[in-house]
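This report concerns only the one structure given below.
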Amino acid sequence: MPELPEVETIRRDLEQTLVGRTIEAITIHRDDILRETEPRELREAVAGRACRSVRRRGKNLILRLSGGAALLVHLGMSGQLYFTDGPEEPPDHTHVVVELSGEGRVVFRDVRRFGHMELVPSGRVADSSTLRNVGIDAMSDEFSADYLAQMLEGRSALLKGALLDQSRLAGLGNIYVCEALYRAGIHPEARCNDLSGGDVRRLHAAIHAVLAEAIAAEGTTISDYVTGNGVPGSFQDRLRVYGREGEPCGRDGCEHTIERIVQSNRSTYFCPGCQRRCRAR
DNA sequence: AGTCAAACCTGGGCGC
DNA sequence: TGCGCCCAGGTTTGAC
């Protein structure tokens with residue numbers, strides 16, 4: 001599920017509900033979602049600590065706590081992390097509950113269990129297991145058109161695969177890669193070294209635009225994703241190709257229909273009229 | 001070194 | 001109703 005816009009939405013919500021609050025206790029229902037962290041170690045490290053900040057890098061959340069610890073969270077495909085102050089019991093597949101002093105709690109729930117949490121000393125966030133292979137964030141100033149050009153230069157790999165490689169560019173997943181390629185008019189079977197300088201600049205602008213719009217819409221809810229307040233996002237209503245196989249391309253003057261192909265075992269959606277292969281191959 | 005398919009885990013939806 | 005198959009937003013592993 002959650003790509004950069006979804007994780008950023010959760011970050012913003014939790015920044016409002018969690019920063020400055022004190023953690024009373026943490027309940028771990030399933031400890032195999034902890035990465036390089038012992039349950040007891042986690043319980044002892046967070047109890048009585050305040051949450052100082054909620055940051056994000058790529059699809060990862062970084063919760064800094066008083067006392068020099070940081071809690072890293074990755075939501076995998078189906079993970080949820082949300083604040084609630086209702087009386088309800090935690091739903092099925094809830095793996096961790098962070099109880100706040102006063103009232104309220106933060107629930108970590110993940111049906112498919114591809115997500116994980118890791119506790120690290122705050123000085124070792126960058127070289128933690130969770131973050132050490134995470135590259136430039138796609139919404140950071142470091143992600144320039146020049147960076148993208150350099151990232152793609154001279155490579156024969158599928159462009160789509162390169163854009164999904166979190167160690168080079170962090171934050172894009174299958175949905176937003178499909179959407180960005182559509183907006184840039186680039187065929188999903190293009191290879192990295194097929195792109196001209198102009199293609200790279202259009203692609204860079206398209207990536208930035210689609211991520212910004214999706215953040216403004218609080219992310220895309222297709223099945224599991226909810227915001228940091230436990231409600232769905234709305235960008236699913238604005239997707240132009242993802243999940244729209246067989247529907248007409250919405251661009252004025254285009255008579256084509258959205259197609260689905262499979263690349264590296266993942267679905268790719270595109271408009272065969274609007275998206276070009278860039279260079280003869 | 002670079003590239004890419006398969007595996008990890010679970011649930012939902014579909015056809016039979 | 002039930003079974004089997006296919007599908008899913010991510011990341012890692014290992015084979016070529």
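First the proteins, then the strands, lettered A, B, ... as listed; each starts at 1.
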TODO: Spell out, yes or no, whether A:Leu75 and A:Val231 are grouped together once hydrophobic residues are joined by side-chain heavy atoms under 4.5 Å, including indirect joins.
DONE: no

Open item on the list: Between C1' on C:dT13 and CG on A:Asn133, what's the gap in Å once rounded to a whole number?
Closed with: 13 Å

Task: Proximal nucleotide (of C:dT11, B:dC8, C:dC7) relative to the A:His74 side chain - done: C:dT11

Task: Whole-Å P distance, C:dC6 and B:dA6 - done: 13 Å

- [ ] Would you indicate whether the side-chain heavy atoms of A:Glu8 and A:Leu211 approach each other to under 4.5 Å?
- [x] no

Open item on the list: It should be established whether A:Ser78 places a side-chain nitrogen or oxygen under 4.0 Å from OP1 or OP2 of nucleotide C:dA8.
Closed with: no

Open item on the list: Between A:Glu189 and A:Arg277 (salt bridge meaning N to carboxylate O under 4.0 Å), is one present in this structure?
Closed with: yes

Task: Per A:Tyr242 side chain, nearest of listed nucleotides B:dG11, B:dC4, C:dA8 - done: C:dA8

TODO: Respond yes when some side-chain nitrogen or oxygen of A:Ser264 is under 4.0 Å from OP1 or OP2 of B:dC4, and no when none is.
DONE: no

TODO: Between B:dG11 and C:dT12, how far apart are the C1' atoms? Round to whole Å, please.
DONE: 22 Å

- [ ] State, without any angle test, whether A:Glu218 and A:Thr227 hold a side-chain donor-acceptor pair at a distance under 3.5 Å.
- [x] no

Task: Closest listed nucleotide, where the reference is the side chain of A:Asn174 and the choices are B:dT3, B:dG11, C:dG10 - done: C:dG10

Task: Length of the line joining A:Lys59:NZ and C:dG10:C1', which is rounded to integer Å - done: 6 Å

TODO: Compute whether any side-chain donor of one residue and acceptor of the other, for A:Glu6 and A:Tyr176, lie under 3.5 angstrom apart.
DONE: yes

Open item on the list: Rounded to whole Å, how long is the line connecting atom CZ of A:Arg266 with atom C1' of B:dC8?
Closed with: 13 Å

Open item on the list: Does B:dC9 have its OP1 or OP2 closer than 4.0 Å to a side-chain nitrogen or oxygen of A:His93?
Closed with: no

- [ ] Say whether, by atom type as modelled, one donor and one acceptor occur between the side chain of A:Arg109 and the main chain of A:Gln80 under 3.5 angstrom.
- [x] no

Task: A:Asn265 side-chain proximity, nearest of C:dA8, B:dA5, B:dG11 - done: B:dA5

Task: Separation of B:dG11 P from A:Arg109 CZ (nearest whole Å) - done: 10 Å

TODO: Provide, to the nearest angstrom, the distance between the CG atom belonging to A:Leu163 and the P atom belonging to B:dT3.
DONE: 13 Å

Open item on the list: Tell me if the side-chain of A:Arg112 makes a donor-acceptor pair with the base of C:dA8, cut-off 3.5 Å, by modelled atom types.
Closed with: yes

Task: Atom pair distance, as rounded to whole Å: CG in A:Asp165 and P in C:dT11 - done: 10 Å

- [ ] For A:Ser156, report the nucleic acid contact type (base, sugar-phosphate, nothing); a contact means any heavy atom under 4.0 Å.
- [x] sugar-phosphate

Open item on the list: Quick check on B:dC9: is either OP1 or OP2 less than 4.0 Å from any side-chain nitrogen or oxygen of A:Arg30?
Closed with: no

Task: Length of the line joining A:Asp224:CG and C:dA8:C1', which is rounded to integer Å - done: 9 Å

Open item on the list: Is there a side-chain contact between A:Gln263 and the phosphate of B:dC4, meaning an N or O under 4.0 Å from OP1 or OP2?
Closed with: no

Task: Side chains of A:Leu4 and A:Asp137 in contact at under 4.5 Å (non-hydrogen atoms) - done: yes

Task: DNA chain B base-pair string [pairs: Watson-Crick or G-U under 3.5 Å; |: paired with another strand] - done: .|||||||.|||||||

Open item on the list: The side chain of A:Phe114 is closest to which nucleotide in this list: C:dA8, B:dC9, B:dC4?
Closed with: B:dC9

Open item on the list: Counting only side-chain nitrogens and oxygens, does A:Arg132 get under 4.0 Å of the OP1 or OP2 atom of C:dT11?
Closed with: no

Open item on the list: Let me check something: do A:Met117 and A:Val111 share a hydrophobic cluster, defined by ILVMFWY side-chain heavy atoms less than 4.5 Å apart, either directly or through other members?
Closed with: no

TODO: Return the nearest nucleotide to the side chain of A:Ser267; candidates are B:dG11, B:dT3, C:dC7.
DONE: C:dC7

- [ ] Assess the pair A:Phe114 and A:His74: is the distance between their ring centroids shorter than 6.0 Å?
- [x] no

Task: Minimum-distance nucleotide (side-chain atoms of A:Leu158 versus C:dG10, C:dC7, B:dC4) - done: B:dC4

- [ ] Nearest whole angstrom, please: distance from the P of B:dT3 to the CZ of A:Arg155.
- [x] 5 Å

